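These notes are about the structure you will find just below.
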Amino acid sequence: MPELIKFSIPLLSLTLFIPLLGAVIIMLFIPKQRTSLIKWFAFIISVIDFLVSLPLVKYFDPSTNAMQFVEQHSWIPSIGVEYFLGIDGISILLVMLTTLLTAVSVLCSFMAIDYREKEFYVCLLLLSTGMLGVFMALDFFLFYVFWEVMLVPMYFLIGVWGGGRKLYSAIKFFLYTLFGSVIMLLGILTLYFLTPEPHTFNILKMTYELNIPEGLQKWLFLAFFIGFAIKVPMFPFHTWLPDAHTDAPTAGSVILAGVLLKMGTYGFVRFNLPMFPEASHFFVPFMAVLAIIGIIYGALVAMAQEDVKRLVAYSSVSHLGFVMLGIFALNPQGIVGGMLQMINHGLSTGGLFLLVGIIYERRHTRMISDFGGLSHRLPIFSTLFAITMLSSIGLPGLNGFVGEFLILLGVFKATYIYAVFGVTGIILGAAYMLWLYQRMMFGSLDKPENQKLKDCNLREIIYMVSLIIFMFWIGLYPKPYLNIMGPTVDKLVERVNPAYFQTAQQSPLPQK
Amino acid sequence: MVDYVWLIPFFPAVGFVINGLLGRKYIKDRSHYPGVISVGLSLLVAILVFWEVAFGRGGGDVVLYQWIIGTGLEANVGFLIDPLSAVMIMVVCGVGFLIHVYSIGYMHGDGGYYRFFAYLNLFMFSMLILVLADNYLLMFVGWEGVGLCSYLLIGFWFQKKSAADAGKKAFVVNRIGDAGFLLGLFLIYSLFGTFNFIPVFENAHILTAATATIITLCLFVGAVGKSAQIPLYVWLPDAMEGPTPVSALIHAATMVTAGVYMVARSHVLYSLSPYSMAVVALVGAFTAIFSASIGLTQNDIKRVLAYSTVSQLGYMFLACGVGAFGAAIFHLMTHAFFKALLFLGSGSVIHALQGEQDMRKMGALKPHTPRTYWTFLIASLAIAGIPPFAGFFSKDEILWQAFSSPHGSLWLWLMGVAAAGMTAFYMFRLIFLTFHGSSRVEPEVAHHIHESPNNMTIPLIILAFLSVVGGWVGIPEALGGSNQIHHFLARVLEHGAHPDPPIHSTSLEFLLMLISILVAATGIFLAYHMYIRRPELPARLAGRFPGIYQALLNKYWVDELYQYFVVNPIKRGMRFLWDLDNYIVDGAVNGTGFITVLNSRLSGIFDLYTVDGAVNSMSTLFNNGARGFRRLHTGLVHNYALAMVFGIFIFVSLYLFFI
């Protein structure tokens with residue numbers, strides 16, 4: 001069991017509950033007519049939350065695999081439930097990504113949301129608390145509470161402020177996820193009753209102090225698999241995603257792609273691998289094949305799309321396939337690459353949804369064929385789009401490359417044939433993205449509706465550039481990001497794949 | 001100076017950032033200042049570095065910082081300075097600088113002037129990273145970077161659909177190669193635990209022939225993509241949609257030679273695998289002859305040059321494949337001079353004719369554009385392999401090695417010589433069609449024909465000078481020279497460059513040299529005969545052999561084959577998968593939803609009529625029962641008394657009768 005490091009200030013609780021507090025204040029004290037006050041207040045709250053989360057990085061000790069900033073208090077002692085928070089190398093970057101993207105998605109909604117603003121920002125802030133809780137919770141009961149709580153504001157975001165078949169999509173999203181989480185709940189309860197008396201929901205104890213027989217491990221793996229695979233989403237559980245993405249408002253898509261999907265992959269890393277190491281080994285071929293299908297299938301279906309948002313949504317299926325493939329390489333490169341790719345995907349796909357939102361606000365269409373030649377009229381927009389797209393297709397120098405490269409390297413070392421299939425995803429990724437770019441930005445500006453479009457304003461440039469900075473940073477100097485994950489991932493690999501450190505670690509080169 | 005080598009890619013990066021951020025609004029038509037000056041500064045540093053390497057025997061590995069460091073994974077941003085990279089930076093910066101200067105005149109007045117210089121600088125940056133990298137990973141960064149710039153610059157005039165299409169095609173085809181390259185990198189890493197050239201090459205002996213073959217073939221897939229060899233050459237002819245300086249810089253002189261550079265850089269690995277060497281040599285030789293044959297019949301001036309480039313790159317791979325890595329780099333250098341010159345010259349022609357690229361609408365331009373003509377002629381003589389022009393020495397060294405090296409053979413030599421003959425023919429066909437004969441220029445264009453301005457012709461003259469003397473650094477011993485470049489490069493390439501054949505037959509080398517000169521001269525004469533003396537002859541030949549002519553004119557229908565066998569199936573596949581996703585995968589989800597809803601409806605009906613029906617019928621029962629009983633509730637005491645008495649009567653009777 002990793003050691004627990006406490007911190008003088010309850011930073012995690014602050015980060016976790018500032019958005020909730022903001023939501024309550026908006027709900028109770030700001031009249032709904034004061035829309036600009038609501039917007040700015042929500043934005044300031046989300047920025048404060050981001051700023052409060054920054055010390056997490058500053059005071060995080062990257063040399064250890066310990067749980068840090070731990071807060072542990074008894075909550076419902078009769079059934080062994082605790083208020084137990086902590087972050088390690090696996091969760092810290094996801095926490096940061098969440099606070100960053102929350103601020104960005106508040107900022108991107110200023111113009112896009114023009115009715116029921118009060119409820120909208122309340123939902124967004126509540127959602128933020130839910131997501132942060134999922135990444136911070138070290139008590140399974142608490143985890144499950146946040147996991148479910150977060151569904152509700154998302155449901156409203158899609159259902160109320162969405163477009164198209166928004167109700168269908170919202171309900172589909174809700175029910176599909178709920179279905180998965182209920183099965184996961186069975187797994188959680190099984191684990192709970194496996195713990196020695198008095199039973200506990202302590203995740204660390206469940207992970208490191210239970211010796212689960214392999215047969216049961218497999219069943220539990222599958223129970224959690226259903227819950228997380230739907231969330232990721234892995235093929236064939238992905239069909240809620242394009243609908244939810246397409247019909248969600250921009251902020252919803254950004255959060256959905258940027259953070260929500262990561263809860264699934266996070267779940268695999270946090271729970272499946274260390275809790276069921278033998279089962280994880282057993283299921284590697286199964287997981288890898290599903291991931292590869294997702295990569296290629298997602299890319300091909302993305303290529304066939306006529307709606308930009310749907311295209312980006314399917315590209316997520318492909319990218320998340322990479323993440324899963326990396327995680328189930330069960331070696332440090334693969335897992336670190338997968339973890340980093342979660343962040344990268346949040347930045348690049350989140351960025352793409354923002355850009356689609358920008359153009360949708362002006363043009364009220366998302367069909368690719370309605371555009372063409374935009375770079376004549378919108379040079380800033382098309383430049384931002386180009387950078388984000390290149391990040392998404394993994395161009396070296398930008399973040400996507402580092403993640404994809406580490407994933408494929410790890411996978412290659414584990415089972416080279418998976419990597420051979422994986423690289424085809426890179427080719428297809430370039431194909432659908434460049435084709436999209438060509439159809440939207442190149443050619444002549446022949447549609448009269450497009451000839452009066454306005455280029456990005458300062459607000460839009462600010463939130464896009466705030467993401468692009470990170471794309472370049474991770475692409476050019478990923479070392480701090482990789483270092484922060486290193487020890488935790490090493491520990492994880494040691495647990496799930498102990499053979500790795502015994503054999504593969506020796507360099508094949510003769511020692512000098 | 002070697003420690004400051006990072007300045008070489010740094011300056012163009014600065015130029016890119018300046019033009020990229022400020023070009024559109026502030027610098028506008030002065031964008032060439034950052035663009036050209038930055039490359040000029042790089043050239044200065046490159047010259048100093050080269051000087052130190054060449055004459056001070058300097059060099060080494062300069063590490064800037066650690067890039068990716070995961071658990072057990074290290075990759076540096078570091079630069080390796082040795083004769084090979086020194087030659088490359090000279091070629092890239094030198095030719096690059098001249099083309100930047102030329103672009104001032106050529107791109108003058110274009111709406112995307114700032115963008116052009118920004119992209120060009122970005123290209124220089126990436127290309128310099130590629131050739132200076134001290135490890136495969138960083139090389140791959142430059143490799144992808146030049147691919148991106150190629151995409152951006154081919155599609156520079158993106159309002160034209162053909163340009164945008166060509167850019168995308170280039171990028172995607174290159175990505176196919178890159179996928180192979182990546183797999184090669186993974187293999188190298190998993191076997192050596194590092195990407196750095198020096199330790200990999202030092203320990204290359206641990207490889208078995210089989211693993212060396214797989215690694216080198218994977219890398220070669222990358223080279224085939226980048227350097228436009230069979231079967232991935234198809235993007236390069238289309239890339240001519242880009243502005244002509246781009247064709248000169250990226251698609252002739254530098255980027256497309258990256259594959260050759262990479263193979264030469266990895267010569268230690270290639271030398272371990274005779275099989276890979278044979279593949280490289282055959283692909284090179286076959287590409288050389290194949291694309292030269294297409295070049296024979298093309299009518300677009302730039303397309304002829306594009307196929308010529310593919311063919312010349314084939315030569316370089318032929319050299320690599322027979323172990324003559326030094327000769328490959330030598331040819332890479334001379335080719336950079338004369339092919340850049342040919343493209344820039346064709347650009348000057350196109351400029352003079354206001355954008356006309358079809359040679360059928362040219363002719364008799366010589367008096368109007370003398371500087372262009374004479375420089376173009378020098379370049380053509382160089383590429384045709386006429387002594388003492390640069391191309392002669394490099395090409396001849398390749399041919400000699402193809403024949404005499406232990407990896408070589410008579411057949412490879414024959415293919416090389418045949419390609420050389422065709423090269424001479426199509427180049428002079430181009431010259432005669434463009435500059436000689438009768439004018440076929442459209443009348444409205446004809447009176448505008450003018451020589452290009454000085455900032456375009458001076459680079460032509462400098463390149464012409466280089467196309468003459470550039471080969472003199474490699475005069476073979478057989479001709480009394482000292483082949484300096486061979487010995488210079490041998491400091492790096494000695495592993496692969498095989499020792500001279502034991503029986504060094506000077507007379508044989510002379511003989512072969514003579515044959516190749518004769519073949520080239522024949523090609524030139526044939527072009528003269530067909531296009532000046534008997535101009536009706538080509539049409540008659542085409543009529544006589546329509547099958548061959550159509551096959552050549554239509555480039556063997558390779559694009560159509562790819563369209564039919566690769567692109568269309570993928571398009572059909574993606575539509576099919578989308579339907580599958582909609583109807584089957586999502587259908588299952590919606591079906592589950594539907595069944596649930598149906599189930600709930602049925603339950604509702606069941607509930608309404610059966611469960612609730614039971615409840616309701618109970619209530620009905622009670623209701624009706626109550627109606628009956630209500631009658632009893634009269635509220636009259638005597639009625640109750642009567643009932644009571646009646647009840648007592650019954651109980652008493654029962655008691656009396658039965659018990």
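The model shown is predicted, which means the values in this text are computed figures rather than measured ones. In what follows, chains carry the letters A, B, and so on, assigned in the order in which the sequence lines appear, proteins first and then strands, with residues in each chain numbered from 1.
Under the ring-ring contact (aromatic ring centres under 6.0 Å, His included) rule, A/Phe405 has a single partner from B/Tyr189, B/Phe195, B/Phe140, which is B/Phe195. A side chain to side chain contact (heavy atoms under 4.5 Å, CB included) with A/Ile427 is found for one member of B/Val173, B/Asp178, B/Ile176 and no other, namely B/Ile176. Residue B/Phe186 forms a ring-ring contact (aromatic ring centres under 6.0 Å, His included) with just one option from A/Phe412, A/Tyr416, A/Tyr418, and that option is A/Phe412.
Around CH2 of A/Trp473, the count of heavy atoms belonging to other residues, nucleotides or ligands within 6.0 Å does not exceed 12. More than 12 heavy atoms of other residues, nucleotides or ligands sit less than 6.0 Å from atom OH of B/Tyr562.
Highest contact tally toward chain A, considering only B/Arg575, B/Glu144, B/Met574, is held by B/Met574 [criterion: heavy-atom pairs under 4.5 Å]. When each of B/Leu577, B/Val172, B/Asp581 is scored by its heavy-atom pairs under 4.5 Å with chain A, the top score falls to B/Asp581. Contact tally against chain B (heavy-atom pairs below 4.5 Å) for A/Val423, A/Val493, A/Leu434, A/Val301: the top residue is A/Leu434. For chain B, the option among A/Gly373, A/Pro379, A/Gly372 with the highest count of heavy-atom pairs below 4.5 Å is A/Pro379.
Here the straight-line distance linking atom CZ of A/Arg439 with atom NZ of B/Lys168 works out to 8.0 Å at 0.5 Å rounding. Taking NZ of B/Lys571 as the start and CE of A/Met303 as the end, the distance is 10.0 Å to the nearest 0.5 Å. Here the CZ-OG distance, from B/Phe158 to A/Ser382, works out to 7.0 Å after rounding to the nearest 0.5 Å. In this structure, the separation between CD on B/Gln159 and CG on A/Leu445 is 11.0 Å, given to the nearest 0.5 Å.
Contacts of B/Leu187 with chain A are made by both backbone and side-chain atoms, with heavy-atom separations under 4.5 Å. Residue contact with chain B, scored on non-hydrogen atoms closer than 4.5 Å, involves the side chain of A/Asp243 exclusively. Neither the backbone nor the side chain of A/Val411 has a heavy atom closer than 4.5 Å to any heavy atom of chain B. Of the atoms belonging to A/Met441, it is backbone heavy atoms, and not side-chain ones, that fall under 4.5 Å from chain B. When heavy atoms are compared at a cutoff of 4.5 Å, A/Leu175 does not approach chain B at all. For chain A, the nearby part of B/Leu182 is the side chain; its heavy atoms alone come within less than 4.5 Å. In this structure, chain B has heavy atoms under 4.5 Å from both the backbone and the side chain of A/Leu408. Proximity to chain B is absent for every atom of A/Phe237, based on heavy atoms less than 4.5 angstrom apart. Heavy atoms closer than 4.5 Å to chain A are found in both the backbone and the side chain of B/Leu580. Using a 4.5 Å cut-off between heavy atoms, A/Tyr176 touches chain B through its side chain atoms alone. Heavy atoms of A/Leu398 lying under 4.5 Å from chain B are absent altogether. Residue B/Val585 touches chain A through both its backbone and its side chain, counting heavy-atom pairs closer than 4.5 Å. For A/Ile393, the parts lying near chain B are the backbone and the side chain together; criterion is any non-hydrogen pair under 4.5 Å. In this structure, no portion of B/Arg115 lies under 4.5 Å from any heavy atom of chain A.
Judged by distance alone, the side chain of B/Arg175 and the main-chain N or O of A/Ile426 form a donor-acceptor pair under 3.5 Å.
Across B/Trp578 and A/Gln305, no two heavy atoms sit closer than the pair NE1-NE2, 3.1 Å. Taking both residues in full, the closest heavy atoms of B/Gln66 and A/Lys479 are given as OE1-NZ, 3.3 Å, listed atom of the first, atom of the second, then distance.
At a threshold of 4.5 Å between non-hydrogen side-chain atoms, the residues A/Tyr437 and B/Tyr151 count as touching. Residues A/Phe442 and B/Asp165 are not in side-chain contact: their nearest non-hydrogen atoms beyond the backbone lie 4.5 Å or more apart. A/Tyr168 is listed as a side-chain neighbour of B/Asn590, based on a closest heavy-atom distance under 4.5 Å.
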